[in-house]
Amino acid sequence: MHILITPDDDGGAHLSRLDDSGVAIGSPWKVSAEDLPQEVVSLEEEQPRWVWDTVHDFYPRLLAAGVRLARCHDISLIRTILRFSSLVQDPRYADMAARITGSADYPSADAGPVEQLQDSLFDAPRQARDHELTRQEFAAQLAAIAGSSSPVRLRLLVAAESAAGLVATEMQFLGVPWDQAAHRGLLEEVLGPEPPLGQRPRKMEALVAEMRELLRSPSLSPDSPQDLLRALHRNGIEVRTTRQWELQEFHHPVIAPLLEYKKLSRLYTANGWSWLDSWVRRGRFRSDYVVGGVVTGRWSSRGGGALQIPKSVRNAVRALPGYKLLVADASQVEPRILAAMSADQGMAAAARGQDLYAEIADAGFGGSRSSAKVALLGAMYGATTGESARLMPQLKKLYPAAIGLVEDAARRGERGESVSTWLGRTTPPPGAAWEAAQRTQTQEEQRRADSWARSRGRFTRNFIVQGTAAEWAECWLAGIRSRLHALGAAWPKALEGDTGAAGSSSWPVTGPAELVFFLHDEIMVHAPEGLIPDCVEAVESAARDAGRLLFGTAPVDFPLTVAVVDSYDQAK
DNA sequence: CACCCCCGCGCG
DNA sequence: AAAGCGCGCGGGGGTG
């Protein structure tokens, strides 16, 4: 059973029941903004799949009203996947998706078959038409999937991606528990007291004075790469850039304070007092998570640099009293994914244990784990120089199927072709740069075309691995979510309305064990101490399930590193 | 003034 | 110059 829900101008919604092909069962009905949460709760008892254009339309306010939903189909997220997927063979959905994403006046423009609805059924014809057009797109998505070369894979991807939309919204709603006082203490210790507006923190100012002295540049402005570069050159330090790793190569008294300054400056500008004031409220750091925000299918984030929380401030991420943070990290996901997708027997054998790199080192790199790791990362990223490139032939001899798979993906990219992940997410078309590269005349143009092709090859090479790893991670995440949801339902209602344990009276307790963070191959659950063993079991069984869902019986393990801690810095 | 690009660095 | 993949963000500096 599907229930389609679309927005109204007055904050209410239009709802309708749809069958398994997306065909309407009966007529849509209208629900006011006020009645919506209760209506949704009672419909949820039928265990429907909620169908909406985007999770943003309704889910945030449903969460605020204390409503959680089990499953959905997120038309916008699925549009992004299906419009390019090479598994979809009928071009009609891609055309529809192009119209929707490309023209601002859709859906009112291309009404077509629904014109007859105009005069009847509703007092608000335009919204009725929007509801019907949304239904039509949903039906078109189902048809595209059913007619694809692998409905099984696409259905899994659609379920995982839609569940990801729910998790992302829930994580944004909850926020990462953040101890503001601990963060301030840490800043004060490293940078000195919070400076007045327009001034540097004391410890940074002291380093600036020291550098000006050492470089005999009284007006040096270390925040300006140009200015800094000139000052370094005047003192015989012939760096080409002011990057850390390059500065490290030089021996000069100014290097140490300069590197220290850069470190402090980073903390101050990226996660200092103003960051705290902008992004942390009532003990929670909240950010927008953008599911499918990366071409490969990874998430991106908007606001506060949520996916770049530096190690140096992770001590401020703290469980509330009586709670713990469960931090689980999937080890070496990308090489394991490569082993499974390529069905490379040798690499799969190496991927059966806890440390894949060590196994590969023993198999062909004289036991050198670091060599094995550099070689494998180079193979997945497309290294062309240095140690990594030098080790490639040996790696290819050991694992011909695995290395063949990424090399084939690279060749396809170089030719301007597309590649796909295991579940069917496909690279977007190369676009104008590729067209231009086809019409080279001068040598310079040819050189740039070659450079573009190599770059595209590195992208497609990595895309299949990074993208499939993202699919595994979303399946893992969805599995954790549904297990925690079940745990929550079984948990005594004691926590309901109880804000004492949380210590922050204004925070709604919406469930006992919460997914609060996700970072590509790592998750964080915030849960009462007593529930932690169940959460660990949930996280581990979800990882096993994710491997089976994608790769069936393929003999590749996806082991986790699990830590139960009070603050994030204690993990790993 | 807004806008855009580059630089550098944080994360996986 | 470019440089092994994918991101977001803040600051500098130039442009209109």
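Letters A, B, ... mirror the listed sequences (proteins, then strands); counts begin at 1.
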- prompt: OP1 or OP2 of C:dG11 sitting under 4.0 Å from any side-chain N/O of A:Thr269?
  reply: no

Could you tell me whether A:Trp275 and A:Trp178 have their ring centroids closer than 6.0 angstrom?
yes

Categorize A:Gly293 for me: base, sugar-phosphate, or nothing, with a 4.0 angstrom heavy-atom threshold over every strand shown. nothing

message: Within a 6.0 Å radius of atom CD on A:Gln248, are there more than 12 heavy atoms belonging to other residues, nucleotides or ligands?
response: yes

Heavy-atom contacts, protein to nucleotides 4-12 of chain B, under 4.0 Å, summarised as B (base), S (sugar-phosphate only) or - (none) per nt, yield ----BBBSB

Using the C1' atom as the reference point in each nucleotide, state the distance between B:dC7 and C:dA2 in Å, no decimals.
-> 16 Å

Does A:Arg458 put a side-chain nitrogen or oxygen below 4.0 Å from OP1 or OP2 of C:dA3?
yes

Here the distance between atom P of C:dC7 and atom CZ of A:Phe518, to the nearest Å, is 15 Å

Q: Using a 4.0 Å heavy-atom cut-off across all strands, classify A:Val406 as base, sugar-phosphate, or nothing.
A: nothing

Quick note, A:Val295 side chain, CB onward, closest among C:dG13, C:dG6, C:dG4 is C:dG6

- Message: If I pick the P atom on C:dA1 and the same atom on B:dC6, what distance separates them, to the nearest angstrom?
- Response: 13 Å

Q) Quick one: does A:Ser371's side chain get under 4.5 Å of A:Leu391's, heavy atoms only? A) yes

Minimum side-chain heavy-atom gap A:Val562-A:Glu540 below 4.5 Å: yes

To the nearest angstrom, the CG-P distance between A:Asp227 and C:dG14 comes to 11 Å

A:Arg240 atom CZ is separated from C:dA3 atom P, nearest whole Å, by 13 Å

Taking every heavy atom of A:Gly303 against every heavy atom of A:Trp279, the minimum-distance pair comes out as CA-CH2, 3.2 Å

Any side-chain donor near an acceptor of the partner, A:Arg483 and A:Ser541, under 3.5 Å
yes

Original post:
Across the strands shown, which category fits A:Ser224 at heavy-atom distances under 4.0 angstrom: base, sugar-phosphate, nothing?
Top reply: sugar-phosphate

From the candidates C:dG8, C:dA3, C:dG13, the one with an atom nearest any side-chain atom of A:Gln226 is C:dG13

Using Watson-Crick geometry (N1-N3 plus N6-O4 or O6-N4) or G-U wobble (N1-O2, O6-N3), each under 3.5 Å, C:dG4 is paired with none

* Asked: Using a cut-off of less than 4.0 Å, is there contact between a side-chain N or O of A:Thr384 and OP1 or OP2 of C:dG4?
  -> yes

In whole angstroms, the gap separating P of C:dA1 from CD of A:Glu444 amounts to 11 Å

Which part of the nucleic acid, if any, lies within reach of A:Gly378 when heavy atoms closer than 4.0 Å are counted: base, sugar-phosphate only, or nothing? base

- prompt: Quick check, are the ring centers of A:Phe558 and A:Trp476 under 6.0 angstrom apart?
  reply: no

Tightest non-hydrogen contact, residues A:Met347 and A:Leu376, listed as CE-CD1, 3.8 Å

To the nearest angstrom, the CZ-P distance between A:Arg425 and C:dG6 comes to 15 Å

- Query: Looking across every strand, which nucleic acid part, if any, lies under 4.0 Å from A:Thr385 by heavy atom: base, sugar-phosphate, or nothing?
  - Reply: sugar-phosphate

*With a non-hydrogen cut-off below 4.0 angstrom, is A:Gly304 in contact with a base, only sugar-phosphate, or nothing?*
sugar-phosphate

| task | Please measure how far the C1' atom in B:dG12 lies from the corresponding atom in C:dG4, and state the result in whole Å. | result | 15 Å

Separation of C:dG12 atom P from A:Leu229 atom CG, nearest Å, is 16 Å

Sugar-phosphate only, base, or nothing, as touched by A:Arg461 at under 4.0 Å among non-hydrogen atoms: nothing

